[in-house]
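Notes to accompany the following structure.
Order of appearance sets the numbers: ligands from 1, and atoms from 1 within every ligand.
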Amino acid sequence: MEQPVLAFIGGGNMARSLVGGLVADGHPAARIRVADPSAEKRAALAADYGVAVHADNTEAAADAAVVVLAVKPQVLRAVAEGLAPVVQARRPLVISIAAGVREPDIRRWLGGEVPVVRTMPNTPALVQSGATALYANPLVSAAQREVAESVLRAVGVTLWVEEEALLDAVTALSGSGPAYFFLLMECLEAAGVRLGLTPEQARLLTLETAYGAAKMALASGEDPAVLRARVTSPGGTTEAALRVFAEAGLGEIVARAVTAARDRAEELGRILGGEGR
Ligand SMILES: NC(=O)C1=CN([C@@H]2O[C@H](COP(=O)(O)OP(=O)(O)OC[C@H]3O[C@@H](n4cnc5c(N)ncnc54)[C@H](O)[C@@H]3O)[C@@H](O)[C@H]2O)C=CC1
Ligand SMILES: O=C(O)[C@@H]1CCC=N1
């Protein structure tokens, strides 16, 4: 089956990762267009991936079966309204990767009845290790779901949620999640330095431990609690550390932090949709 023509509106970091992943996966570069106002970004995308580039969004979307909105949330409204005539004329599948902006707002800005898939990727997509949740409005066909999934699968794993509100929970968990792990890395590194390791030693040991733990959890398919128990010798060092975490209420702290992120996602969705602040 011939691959669909994809048009990326916005050629920044995320679009670059998606385009790179798609081309590496065998999507023909001749069937990818990217629109970006920056001549420098256009030149780099054309040189690195051989895709067609445009300064004009409507031109890029003109023959596309799939239009990927990859601009910052703050400019999404203007971009969607600018694309409304071509989208209404051709009814492509529209995929948004913008954080926070809700599907009914995107659909309204595009002029009405349009199949829209809203997604929430995360920054490890930049190294093809992303985790993306997708939500489809009822106008999206089964074949279009497949296409949307294949676009995001180019940068990592994907899963569907059937209620758009759950994307706020996803944003709080995996969207913001890399920052939580980076914070823990910062803390571990600082603790190692306090105990006498050099910053370089502490960083290497921290990063490799984080990578190894994630890789092991994924590869083994075991419950993290089981893997944790295997590290924790009775009366040993890990137990001493875990007791401190438990006494400080780490589980409750994490739950409160993720809930705060979810609440902010809801609030941002209202603000970006123009429902006041
Ligand atoms: N960076 C990340 O890891 C994540 C990003 N996202 C979402 O992805 C979207 C893109 O983010 P990034 O790629 O990081 O941003 P970016 O700033 O690297 O890319 C945005 C691109 O849009 C272009 N642009 C600006 N105005 C435009 C217009 N009117 N028409 C066409 N293009 C225009 C800019 O020149 C820029 O190249 C955002 O909505 C963000 O919420 C979501 C999850 C994670
Ligand atoms: O912090 C934020 O608002 C965005 C959404 C998920 C990751 N970054």
If two hydrophobic side chains count as joined below 4.5 Å and joins carry through other members, does [X] share a cluster with [Y]?
X   : Y    : result
I97 : L134 : yes
V94 : F8   : no
M14 : V79  : no

Heavy atom of the protein closest to atom 14 (O) of ligand 1 (residue, atom name, distance):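 Answer, as residue, atom name and distance: K72 NZ, 3.7 Å.
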Residue and atom name of the nearest protein heavy atom (relative to atom 5 (C) of ligand 1), distance in Å to one decimal: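 Nearest neighbour among protein heavy atoms for atom 5 (C) of ligand 1, to 0.1 Å: M14 CG, 3.3 Å.
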Beyond-backbone contact of I106 with L69, side-chain heavy atoms, under 4.5 angstrom: yes
Is [X] in polar range of ligand 1, meaning some N or O pair under 3.5 Å apart?
X    : answer
L126 : no
K41  : yes
A99  : yes
N13  : yes
I9   : no

Can you list the atoms of ligand 1 that are under 4.0 Å from a heavy atom of [X]?
X    : value
M120 : 43 (C)
G12  : 13 (O), 16 (P), 18 (O), 19 (O), 21 (C), 37 (O)
P73  : 38 (C), 39 (O), 41 (O)
T123 : 2 (C), 3 (O)
N57  : 30 (N), 31 (C)

With sequence neighbours excluded, residues passing salt bridge (charged side-chain N to carboxylate O under 4.0 Å, His left out) with R256: none
Which option wins on minimum heavy-atom distance to [atom]: [options]?
atom                    : options             : result
atom 35 (O) of ligand 1 : V71, L18, D36       : D36
atom 25 (C) of ligand 1 : P37, S17, P121      : P37
atom 29 (N) of ligand 1 : L45, N122, V79, V68 : V79

Closest non-hydrogen atom pair, A136 against V117: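 That would be CB-CG2, 4.1 Å.
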Residue pair L22 / V151: nearest heavy atoms and the distance that separates them: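 For L22 and V151, the tightest heavy-atom pair comes out as CD2-CA, 4.0 Å.
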Intermediate values then yes/no, side chain to side chain contact (heavy atoms under 4.5 Å, CB included), T119 and S96: CA-CA 6 Å; T119 71; S96 169; over 6 Å; no
Neighbouring protein residues of ligand 2 - any heavy atom closer than 4.0 Å: A99, M120, T171, G175, S176
Member of L152, D168, V170, L166 meeting the side chain to side chain contact (heavy atoms under 4.5 Å, CB included) criterion with M120: V170
Part of L76 within contact of ligand 1 (heavy atoms, under 4.0 Å): neither
Structural part of I97 in contact with ligand 1, heavy atom criterion under 4.0 angstrom: both
Below 4.0 angstrom, N of the basic side chain to O of the carboxylate: do [X] and [Y] qualify?
X    : Y    : value
R145 : E149 : no
E222 : R230 : yes
R243 : E247 : no
R270 : E267 : no

Side chains of residues 23-32: which donor-acceptor partners sit under 3.5 Å, not counting sequence neighbours?
{"from": "H27", "atom 1": "NE2", "to": "P4", "atom 2": "O", "distance (Å)": "3.1"}
{"from": "R31", "atom 1": "NE", "to": "Q3", "atom 2": "O", "distance (Å)": "2.4"}
{"from": "R31", "atom 1": "NH2", "to": "Q3", "atom 2": "O", "distance (Å)": "3.1"}

For R228, all residues meeting side-chain contact (heavy atoms from CB on, under 4.5 Å), sequence neighbours excluded: A225, T232, L242
R16 to ligand 1, any heavy atom closer than 4.0 Å: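 Not so, R16 does not reach ligand 1.
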Min heavy-atom dist A70 to ligand 1 below 4.0 Å: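 Distance cut 4.0 Å: A70 passes for ligand 1.
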